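All figures in this text were calculated on a predicted structure; none of them were measured in a lab. The chains referred to below are lettered A, B, ... by the order of the sequence lines, with proteins before strands, and numbering in each begins at 1.
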Protein chains: 2
Amino acid sequence: MKILIIEDEQEIAQSIADYFKTNGIQCETAGNYALALNKINNYDYDCILLDLMLPDGDGFDILKELKSKNKTEGVIIISAKETLDTRIEGFNLGADDFLTKPFHLSELLVRMQALIRRKNFQGSNSIVFNEITIDIFSKTVSVNNQKLDLTKKEIDLLLFLIGNNKKVLSKGAIAEHLSGDMADMLDNHDFIYAHIKNLKKKLHAAGSGDYIKTIYGLGYKWENE
Amino acid sequence: MKILIIEDEQEIAQSIADYFKTNGIQCETAGNYALALNKINNYDYDCILLDLMLPDGDGFDILKELKSKNKTEGVIIISAKETLDTRIEGFNLGADDFLTKPFHLSELLVRMQALIRRKNFQGSNSIVFNEITIDIFSKTVSVNNQKLDLTKKEIDLLLFLIGNNKKVLSKGAIAEHLSGDMADMLDNHDFIYAHIKNLKKKLHAAGSGDYIKTIYGLGYKWENE
DNA sequence: TTTTGAATTAATTCTGAATTAACATTAAAA
DNA sequence: TTTTAATGTTAATTCAGAATTAATTCAAAA
């Protein structure tokens with residue numbers, strides 16, 4: 001078993017490598033974006049540990065590269081700051097696990113072993129909120145195990161709301177997220193109403209709770225009632 | 001800071017509680033599955049210590065319950081027998097740390113503090129004034145943990161007053177702040193009366209103190225009585 | 001088929017005006 | 001000097017209409 005550690009802090013990379021080696025796992029390290037890309041494209045690994053903040057690039061880009069090349073390595077993101085949003089972005093890009101610094105090496109080892117086992121069993125990764133389950137890989141949403149037929153934007157909206165659990169999101173912020181670009185505040189954001197309504201309707205029809213709250217004058221938020 | 005210790009061996013639970021209390025951490029204990037479930041569903045804790053083997057149930061089920069209800073408490077599993085399998089299952093179910101008995105209380109304390117630090121770092125941003133808490137992200141105001149339903153202007157006014165704690169704010173200044181534009185001093189500012197009154201009413205109804213003082217002829221100020 | 005913009009309707013919040021109450025100032029009376 | 005009454009100013013309260021924001025509907029665009 002061989003893993004690649006993409007991490008610019010030499011000390012951290014080395015201590016992970018040492019710990020893994022004593023546990024019978026071969027390791028290679030890449031301290032920057034360019035080197036990491038090179039290694040990924042020329043060698044195969046069982047698992048990749050990926051730090052998001054690199055001196056010469058974004059860890060997410062490496063993830064994109066991996067997926068675009070249809071590489072099958074499992075990826076565990078290790079990041080200093082974890083928000084549910086970055087977690088979801090990570091999962092959306094195909095990461096398998098997410099670990100926040102500082103972490104215990106034993107935990108990393110266990111998770112990595114769990115990941116490799118999961119890979120072998122073709123397990124799926126999902127986000128669960130009460131009766132709602134969102135499968136990150138298949139992009140399917142189900143309520144009480146009943147599959148929902150949501151459009152792309154509806155899933156995107158749902159993830160954005162859940163990912164910012166309890167935080168109020170303005171119409172402008174939602175519009176920007178859904179449309180992708182830096183929609184300026186002068187734009188027409190009325191289409192948000194349609195998406196909110198449709199998503200609410202579908203969730204409700206499937207028997208889900210009313211988690212999308214309207215905060216009059218401020219926006220919307222997702223909240224367990 | 002308050003934690004819940006779920007552990008059936010009374011002696012162990014007590015010694016943990018004692019140790020933590022001398023370190024300024026409040027503790028509650030639950031000696032069995034049923035009691036633990038009850039406490040979890042009715043109170044909020046900063047962290048939960050979870051023994052896996054309980055006389056009337058499985059600790060993992062408590063973990064599942066926590067996650068399905070989207071509780072955000074950190075969970076440290078303490079278990080007598082650690083196999084890689086139970087570790088993996090624990091992490092997969094969302095535990096944050098895993099400690100094998102016997103352990104040093106000092107280690108438990110350090111890990112718990114690390115966990116809480118990690119949680120708080122990504123935690124919500126809030127302003128607290130005695131019994132009043134204003135969460136900036138969720139745009140919610142609560143008094144003694146009871147949520148208030150304030151309008152945009154009311155929240156705005158509350159923040160303006162608290163933010164200028166003890167400073168007298170003229171009606172004109174408040175009007176300018178609330179309306180956003182450079183309202184000239186000739187404008188009618190009577191609407192301020194309504195907002196002040198509504199805000200006072202809602203805060204008072206929720207059991208808050210009367211912090212909004214009228215300074216006759218000058219304006220209003222926020223002050224701890 | 002899905003997404004978006006426009007038009008319409010509904011709901012909520014804000015604000016100005018009117019009324020009433022509280023306070024401050026002044027001046028006359030005790 | 002102190003009290004009281006008269007007067008004017010400021011604040012509290014109330015409420016209806018104005019303004020804003022959201023929901024809904026539908027048709028056009030992607």
Side-chain angles (χ1 to χ4, degrees), chain A residues 139-141 147-161 168-205 210-223, chain B residues 139-141 147-161 168-205 210-223:
Chain A
K139 300 269 186 188
T140 52
V141 177
K147 220 182 211 174
L148 279 196
D149 185 26
L150 298 187
T151 69
K152 207 161 66 177
K153 294 265 159 148
E154 285 161 2
I155 291 178
D156 208 356
L157 173 58
L158 176 62
L159 282 171
F160 192 44
L161 286 165
V168 175
L169 302 172
S170 70
K171 251 189 317 162
I174 295 173
E176 190 180 318
H177 180 88
L178 288 189
S179 62
D181 31 57
M182 296 268 189
D184 67 323
M185 292 303 161
L186 300 170
D187 274 9
N188 183 336
H189 296 149
D190 287 359
F191 69 95
I192 296 302
Y193 290 132
H195 289 310
I196 288 275
K197 184 202 150 226
N198 293 332
L199 179 57
K200 273 186 174 176
K201 196 169 161 188
K202 287 184 182 177
L203 286 172
H204 188 260
D210 292 329
Y211 302 121
I212 300 174
K213 314 286 186 193
T214 302
I215 313 301
Y216 196 97
L218 295 173
Y220 298 89
K221 70 174 165 182
W222 184 273
E223 192 169 46
Chain B
K139 307 266 186 186
T140 52
V141 176
K147 243 181 218 169
L148 283 196
D149 185 27
L150 299 188
T151 69
K152 194 164 68 171
K153 295 263 160 143
E154 286 161 1
I155 293 178
D156 210 355
L157 173 58
L158 176 62
L159 283 171
F160 192 45
L161 286 166
V168 176
L169 301 171
S170 71
K171 249 191 319 161
I174 295 173
E176 190 180 317
H177 181 86
L178 288 190
S179 61
D181 31 57
M182 295 273 187
D184 67 325
M185 293 304 161
L186 299 171
D187 275 8
N188 183 335
H189 296 149
D190 287 359
F191 69 95
I192 295 304
Y193 291 133
H195 289 310
I196 289 276
K197 184 212 148 215
N198 293 332
L199 179 57
K200 274 185 174 177
K201 194 169 161 188
K202 287 184 182 177
L203 286 173
H204 187 259
D210 292 329
Y211 303 121
I212 300 174
K213 314 289 186 191
T214 302
I215 313 300
Y216 195 96
L218 295 175
Y220 299 89
K221 72 172 167 180
W222 184 272
E223 194 169 44

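Residues passing the salt bridge (Lys or Arg N to Asp or Glu O under 4.0 Å) test with A/Lys221 are A/Glu223, sequence neighbours excluded. Among residues two or more places apart in sequence or in another chain, the side chain to side chain donor-acceptor pair (under 3.5 Å) test is passed with A/Tyr193 by A/Lys171. With sequence neighbours excluded, no residue forms a side chain to side chain donor-acceptor pair (under 3.5 Å) with A/Lys153.
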Protein-to-nucleotide contact annotation, 5' to 3' order, nucleotides 3-12 of chain C [B base; S sugar-phosphate only; - none; under 4.0 Å, heavy atom]: SBSS----BB
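Within the nucleic acid shown, A/Lys201 has no heavy atom closer than 4.0 Å to any nucleic acid atom.
Note on the helix from C/dT1-D/dA30 to C/dA30-D/dT1: angle between the axes of the first and last five pairs equals 40°, rounded to 10 degrees.
Put simply, the side chain of B/Asn198 gets close to the backbone of B/Ala194: a donor and an acceptor are under 3.5 Å apart.
Aromatic ring orientation, B/His177 versus B/Phe160: parallel (interplanar angle below 30°, classes split at 30° and 60°).
C/dT15 atom P lies 14 Å from atom NZ of B/Lys171, rounded to whole Å.
Distance check, rounded to the nearest 0.5 Å: CG of A/Asp149 to CD of A/Glu154 gives 8.5 Å.
In terms of phosphate contacts, B/Lys197 brings a side-chain nitrogen or oxygen within less than 4.0 Å of OP1 or OP2 of D/dT14.
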Quick test: give all pairs of protein nitrogen or oxygen and nucleotides 28-30 of chain D nitrogen or oxygen below 3.5 Å, distance rounded to 0.1 Å.
none

